[in-house]
Amino acid sequence: MKLTFSPEDEAFRNQIAGWLRNNLVGEFAELKFRGGPGDEHMFPEERKRWEQKLAEGGWTCVGWPEAYGGRGLSIEQQVIFFEEYARAGAPGRMGHIGEGLAGPTIIAFGSEAQKEKYLPGIVAGTELWCQGYSEPNAGSDLANVQTRASLEDGKWRIHGQKVWTSLAHESDWCFVIARTEPGSKAHKGLGFFLVSMHQPGVTVRPIEQLTGTSEFNEVFFDGAVAEDIVGAPGEGWAVAMGLLGFERGVSTLGQQMQFQNELDEIIRLARANGAARNPGIRQRIAEAHTGLRLMRYNAMRMLSSSQDGQADSSALVYKLHWASWHRNLGALAMDVLGPEAELIDDAPYELSRLQSLFLFTRSDTIYGGTNQIQRNIIAERGLGMPKEPKGR
Amino acid sequence: MKLTFSPEDEAFRNQIAGWLRNNLVGEFAELKFRGGPGDEHMFPEERKRWEQKLAEGGWTCVGWPEAYGGRGLSIEQQVIFFEEYARAGAPGRMGHIGEGLAGPTIIAFGSEAQKEKYLPGIVAGTELWCQGYSEPNAGSDLANVQTRASLEDGKWRIHGQKVWTSLAHESDWCFVIARTEPGSKAHKGLGFFLVSMHQPGVTVRPIEQLTGTSEFNEVFFDGAVAEDIVGAPGEGWAVAMGLLGFERGVSTLGQQMQFQNELDEIIRLARANGAARNPGIRQRIAEAHTGLRLMRYNAMRMLSSSQDGQADSSALVYKLHWASWHRNLGALAMDVLGPEAELIDDAPYELSRLQSLFLFTRSDTIYGGTNQIQRNIIAERGLGMPKEPKGR
Amino acid sequence: MKFRFTDEQNMIRETAAGFLQDVSGPAAVREVMATESGYDRALWRRICEELCFQAITVPEEYGGMGLGYVELAIVLEQMGRNLLCSPFFGTVCLGGNGLLVAGTEQQKARYLSEIVAGELTATMAWTGPEAAHGGGEWGAEAVTATWEKTSEGYLLNGTLRYVINGHTADLLIVAAREAGTRGKDGVSLFTVPADLAGIQRSWLPTMDQTRHLGEVVFSEVSLSADSLMGEAGKGWPSLEKILDLAKVAIAAEQLGAAQQVLDMSVQYMQERVQFGRTISSYQALKHKAADMKLKCEVAYSAVYYAACVALESLDPDGDPAIAAQLREAAAMAKGYCSDTLFFNAGCALQLHGGVGFTWEYDVHLYFKRAKASELYLGNGAAQRELIAGLLLDEEFRT
Amino acid sequence: MKFRFTDEQNMIRETAAGFLQDVSGPAAVREVMATESGYDRALWRRICEELCFQAITVPEEYGGMGLGYVELAIVLEQMGRNLLCSPFFGTVCLGGNGLLVAGTEQQKARYLSEIVAGELTATMAWTGPEAAHGGGEWGAEAVTATWEKTSEGYLLNGTLRYVINGHTADLLIVAAREAGTRGKDGVSLFTVPADLAGIQRSWLPTMDQTRHLGEVVFSEVSLSADSLMGEAGKGWPSLEKILDLAKVAIAAEQLGAAQQVLDMSVQYMQERVQFGRTISSYQALKHKAADMKLKCEVAYSAVYYAACVALESLDPDGDPAIAAQLREAAAMAKGYCSDTLFFNAGCALQLHGGVGFTWEYDVHLYFKRAKASELYLGNGAAQRELIAGLLLDEEFRT
């Protein structure tokens with residue numbers, strides 16, 4: 001156990017920090033600290049160009065094997081990459097679904113032909129992905145998929161509705177979980193499909209959120225053609241579950257650096273308006289600071305063990321911890337601002353960054369498994385307690 | 001809605017306060033503020049004499065109908081009685097199980113002969129009662145009674161074990177829930193028995209608590225004879241449930257005055273040692289003060305409505321509210337004391353009043369329905385949500 | 001001592017509940033909250049003419065109903081439940097209370113009668129930008145506009161922010177201080193018609209759109225001598241009492257809103273199915289709802305206890321021992337109800353899952369109101385610190 | 001950067017866990033906690049001779065194992081888990097750390113070697129009764145014993161309270177101040193053999209019986225000149241560092257205890273049947289256990305992060321940027337683990353229902369330890385205020 005990085009890793013840190021310093025300029029300067037959660041709808045065109053800029057520098061898919069166009073970085077160096085990326089204020093990644101979810105899934109479960117067809121566009125930053133996972137009646141109950149896939153003239157055609165699909169209107173591809181066996185239930189009889197977004201039969205409808213903005217969408221599939229299926233028909237659940245595992249990757253440390261930026265802003269404000277002298281605010285700022293610092297070491301444990309193929313119980317609690325922490329940070333921001341917290345930037349409903357944070361962090365404890373689902377998982381998998389009975 | 005008392009009620013207040021001032025003296029002076037929860041085992045003989053003193057003054061069973069030897073006080077005057085009793089620091093009542101539970105049950109469900117036999121001793125303060133309700137395997141699951149009652153030579157004999165019976169070793173009588181129909185389950189086939197504690201076949205074993213003291217006991221019945229059964233055999237559950245309703249009586253306001261005495265002591269200490277300048281302690285003292293004040297008005301609502309035969313939703317939440325409040329008060333007491341909180345009065349394990357409070361209040365959220373059971377009740381009865389499924 | 005509603009109070013409650021559910025449904029709220037004025041003049045006229053809620057606490061001598069603060073709290077609770085967008089709170093709980101507490105006989109006679117007639121909306125403007133210091137300090141330091149005596153009356157200067165309905169109200173009760181004074185000294189209250197020369201007003205759009213705030217800038221505004229309320233420079237105790245009364249009013253609204261998000265959540269939970277069961281069958285969610293319910297019940301006691309105290313404090317013949325509890329009772333009610341509404345609205349968002357996060361569902365309207373009303377006049381922690389001062393500090397001083 | 005145990009560290013962990021489970025079971029704890037000394041001398045000898053835990057962090061030049069604070073934390077975690085009653089914490093984490101941080105070469109050579117040999121128990125005595133002010137203020141104001149310079153050395157006077165093993169330890173590291181000084185000025189540390197003339201010691205029986213406290217009274221106690229640790233009157237920074245290291249150690253114990261009460265609760269919940277189901281099948285109880293588990297996991301990160309920092313801070317060649325985090329890391333660990341253990345032990349009592357309330361079951365031992373260790377050196381709120389000072393106040397000063 002030690003906290004220091006090796007000299008090689010420190011040199012790597014300088015390399016990526018330098019590249020960002022030199023390239024996050026000019027047309028990209030305005031993207032600094034933009035495009036994160038609650039801001040994902042902003043500057044889409046500029047951020048697409050930034051994806052390609054990153055690709056030119058070899059800074060996309062840094063954890064992928066070199067054979068698939070990645071950089072094959074060690075966990076330590078990936079950690080450093082994501083930390084420096086966030087520290088520099090580089091913008092929220094448009095390509096993160098492809099790089100973090102679709103790509104790794106295709107690498108793990110796809111055919112060689114699929115790898116050749118899909119991976120290069122992800123690495124080059126030219127093809128963006130979105131996920132067709134949630135459905136209106138399958139919130140926490142992920143397996144309750146009602147979207148159907150049927151073989152018609154040798155082609156899989158998709159019928160159904162997905163929801164909470166971020167960046168659907170900007171994406172080229174969508175991976176879709178759909179039921180290949182009519183009448184099947186729960187996690188049986190599903191398929192994992194790759195579907196072009198540029199075709200008739202795909203309709204994207206933005207969801208207006210409580211912030212008045214729309215990162216998320218509903219996506220309607222009316223007989224849209226799936227170009228590929230990953231894995232065999234009926235085995236989509238295994239593929240989808242493998243994919244969920246990828247969500248707890250090293251990018252989590254980049255997320256923490258964004259959190260740090262947010263906390264720093266709150267601390268600056270507290271100092272400026274005198275809230276930093278309020279004993280209760282002091283307690284909460286110290287608590288936020290502590291929580292974030294310890295989140296870092298939870299992540300380090302999770303990454304150190306996954307590197308060796310081991311599971312660590314820190315992984316079980318990770319989502320619940322960060323989601324609750326972030327939600328509390330949003331409320332803290334408002335309480336530091338006091339009455340100014342209410343005043344928005346402009347009518348009709350232009351929120352400040354911290355107001356968006358306040359409202360948007362309320363989704364953190366819901367999406368990707370609510371806090372309640374997380375506690376079920378901790379109790380059942382981590383402590384061996386009985387599973388919740390299902391009603392069906 | 002108004003907060004003022006009538007002139008008659010204020011006159012009554014002076015009457016009881018005056019009686020206590022004149023009578024809580026001499027041999028009884030040392031009983032002031034003693035015998036409450038966590039202290040119930042102290043001064044039993046002196047407190048028995050105090051019961052009789054109270055009876056002489058006509059101050060037992062003040063809410064009972066005059067026909068049964070009570071004083072027939074209005075709710076307002078009962079409120080005043082219990083408040084003044086606690087304010088004067090008069091000791092914890094040895095007779096409260098008889099006066100508050102056994103007596104009202106016999107009045108509501110008993111025969112005339114039973115009333116004549118049992119009520120006078122309660123009113124006179126000469127016969128003390130305890131309750132045989134809980135069993136080792138029937139904690140929250142009250143109906144899971146395994147104690148049996150069988151008719152042998154025309155007499156009901158009791159076989160089984162009860163637990164958490166306070167003052168069992170000081171009591172003359174015990175009311176016991178036992179199964180009259182062998183093989184019956186849950187709340188069916190039970191009987192409600194009145195059993196003398198002065199007979200072979202009754203064994204009392206004190207339970208040593210985390211405080212090192214023993215208010216509670218295990219009581220073993222090995223063929224002890226029940227002198228009476230209240231209600232019909234098999235209908236004991238209805239009687240027992242009626243009894244539970246009596247637990248939320250006006251004596252709750254006397255309990256609140258005890259709480260006030262405890263909070264006052266904590267405030268005095270905080271002022272004396274400077275903890276009152278600590279911002280976090282200030283918050284918690286203010287919260288405790290607020291909670292207690294609002295508890296009073298919750299109780300007033302509960303009593304005002306029950307007086308008119310109405311149910312008020314304040315009654316549903318009452319136990320959860322006071323139990324959680326009191327538990328928090330115990331921790332606050334320790335935190336106000338700081339390192340002094342650790343030092344006990346004497347070896348081997350003589351705790352101070354506030355240390356006892358700290359430890360003992362941990363039982364408040366358990367007995368009489370745990371906080372979890374209370375939340376079930378609120379959700380199910382108060383909000384109409386589905387009941388927890390039973391495993392059997 | 002009776003701590004339950006009279007039959008008449010129950011009737012007022014039912015009337016208010018029925019009417020407001022009708023006229024202030026989600027569609028109506030959404031339509032009006034997006035407008036600059038933030039309220040529907042036609043609806044306000046109906047309230048004043050048909051329901052006469054604005055007249056509840058106005059004494060009969062000024063044409064009012066002469067009822068008490070309990071009846072007012074009953075109506076406010078229903079307004080909070082339905083997120084009524086209206087000048088009611090400003091007109092009655094700031095302006096009206098200001099006149100009742102601090103107004104001269106002449107001011108009361110004139111303005112209270114106009115309020116009763118539905119001809120005048122009012123508010124109180126008392127905070128400068130300094131109210132945002134320290135994350136929200138709503139004490140005497142927040143009074144920063146200044147007054148000076150002139151031969152004909154008074155001259156007002158300064159910027160007032162966070163003024164409820166400040167950009168639309170007809171009459172402003174203004175707090176200002178004599179230049180050079182600090183803290184509680186030098187504060188005076190004035191009645192100021194909003195159309196006087198030198199007054200500039202603007203809308204400050206807010207995250208909670210259901211209650212609009214304005215900014216009011218005074219540039220050398222001349223007031224007649226009879227604008228002064230009470231004695232010059234001695235206005236702080238009156239202002240403090242008006243604010244205590246406002247806290248009780250806000251708490252009543254918060255109670256109604258907290259109950260409403262609980263009801264919405266219970267209904268949703270009984271309908272939403274996950275893993276083949278209604279989510280109301282999950283014990284962890286049931287317990288969350290139970291905690292919301294507990295808080296509503298305690299908040300109810302807090303509000304109506306404080307309303308009873310306010311009643312005595314506004315009644316010249318009220319019980320002085322009870323009236324003296326106003327500061328503490330108001331802080332308890334505001335603190336407890338602020339925490340309750342924020343807790344309940346946050347739980348409601350969580351219990352609604354993804355859909356609660358959409359603009360389309362109504363939960364977010366309550367969540368935003370929760371934070372806005374929590375911060376207004378000081379959050380739970382601020383109220384508790386005030387209570388701690390009353391409990392703990394007097395003996396330190398002596 | 002690697003944030004997991006090495007194979008050697010895992011081995012130490014397993015050894016400590018196995019041994020302590022064996023020798024410090026509930027029966028052993030209950031027997032020894034009731035005695036005046038509060039520990040079993042034979043067991044202490046075994047620990048020193050067979051396990052050599054007391055030598056872990058002592059440099060090899062003094063006969064120790066020369067390992068780091070991570071290894072120490074590993075052992076402390078298991079001691080906390082099993083509520084080991086022993087002079088270990090006092091001897092190693094107060095006395096030993098005191099010598100390592102502030103001792104002269106001569107003091108280290110003599111006393112550390114005796115500690116390694118198992119011949120010496122030690123502790124630190126630094127707080128007067130004033131530590132109880134304000135509900136527990138563990139800062140420089142708590143140092144109230146006094147020293148004065150004499151021709152042969154120093155003269156000590158004063159009463160020291162809340163001294164862990166103060167009535168039994170052989171060697172006392174004593175903090176005192178020059179008469180007339182205040183705050184951080186004038187504080188000196190001394191090595192004081194407990195059998196010197198003029199020292200009176202007594203047991204202060206405690207609610208948590210698993211760690212004994214003593215009172216030490218100095219009446220004109222003469223010390224030789226070589227008793228002084230470091231420079232006279234400049235001892236505060238050293239004392240502060242010793243206390244930071246002690247916080248990390250307490251936190252490690254708290255982590256172990258928090259994990260243990262979780263494990264006990266899970267086991268009980270899997271066995272206890274109510275309404276025909278194991279209580280582990282009730283979602284609300286599952287979620288309570290899940291929250292306990294989350295806290296344990298975060299506490300684990302807090303302890304081992306702080307232990308890594310302590311490691312660098314005690315190593316003359318340690319990374320200075322990391323060593324500089326000691327104050328903050330120790331406060332985080334102590335604060336988070338204090339809250340975690342109190343939360344978990346309280347939950348464990350609740351989850352055990354009635355039986356947890358009996359003397360017979362072990363939960364109460366942990367619950368009492370939780371409150372005692374929470375209050376010792378300042379609770380969670382005190383640690384957070386310290387962190388807030390580091391984060392927020394430096395710029396106020398400049």
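Per chain, numbering begins at 1; letters A, B, ... match sequence-line order. All values below were derived from every heavy atom in this structure, side-chain atoms included, with hydrogens, water molecules and symmetry-related copies excluded.
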Check the orientation of B:Phe358 and D:Phe342. Use parallel for under 30°, tilted for 30 to 60°, and perpendicular for over 60°.
parallel
Select, from B:Ala138, B:Ser140, B:Ser352, the one with the greatest count of heavy-atom pairs under 4.5 Å involving chain D.
B:Ser140
Please step through side chain to side chain contact (heavy atoms under 4.5 Å, CB included) for the pair B:Leu343 and D:Thr206, ending with a clear verdict.
CA-CA 5 Å; B:Leu343 307 190; D:Thr206 43; 3.9 Å; yes
Side chain / backbone / both / neither for D:Leu365 at chain B, heavy atoms under 4.5 Å:
neither
Chain B contact via D:Glu137 - which portion, at a heavy-atom distance below 4.5 Å
neither
Could you list all the salt bridge (Lys or Arg N to Asp or Glu O under 4.0 Å) pairs where at least one residue sits in residues 349-361 of chain D, not counting sequence neighbours?
none
Filter on salt bridge (Lys or Arg N to Asp or Glu O under 4.0 Å), then keep only pairs touching residues 342-363 of chain B, sequence neighbours left out; what's left?
B:Glu265-B:Arg353
Close approach to chain B in residues 368-378 of chain D, criterion heavy atom under 4.5 Å
D:Lys368, D:Lys371, D:Ala372, D:Glu374, D:Leu375
I need the minimum non-hydrogen distance between D:Gly136 and B:Pro339, along with the two atoms involved.
CA-CD, 3.6 Å
Chain B heavy atoms under 4.5 Å from D:Ala34: which part of the residue, side chain, backbone, both or neither?
neither
Decide side chain to side chain contact (heavy atoms under 4.5 Å, CB included) for B:Gln372 and D:Gln350; before the verdict, give the C-alpha distance in whole Å, the side-chain angles of both, and the deciding distance to 0.1 Å.
CA-CA 9 Å; B:Gln372 287 69 40; D:Gln350 185 71 17; 3.0 Å; yes
With only heavy atoms counted, which part of D:Tyr361 is less than 4.5 Å from chain B, the side chain, the backbone, both or neither?
neither
Sorted by chain and number, sequence neighbours left out, salt bridge (charged side-chain N to carboxylate O under 4.0 Å, His left out) with B:Arg327 holds for none
Once rounded to the nearest 0.5 Å, what's the spacing between atom CG of D:Leu351 and atom CD1 of B:Ile366?
9.0 Å
Given heavy-atom pairs under 4.5 angstrom as the criterion, report whether the side chain, backbone, both or neither of D:Leu349 touches chain B.
both
Rounded to the nearest 0.5 angstrom, the CD-CD1 distance for D:Gln274 and B:Ile373 is 7.5 Å
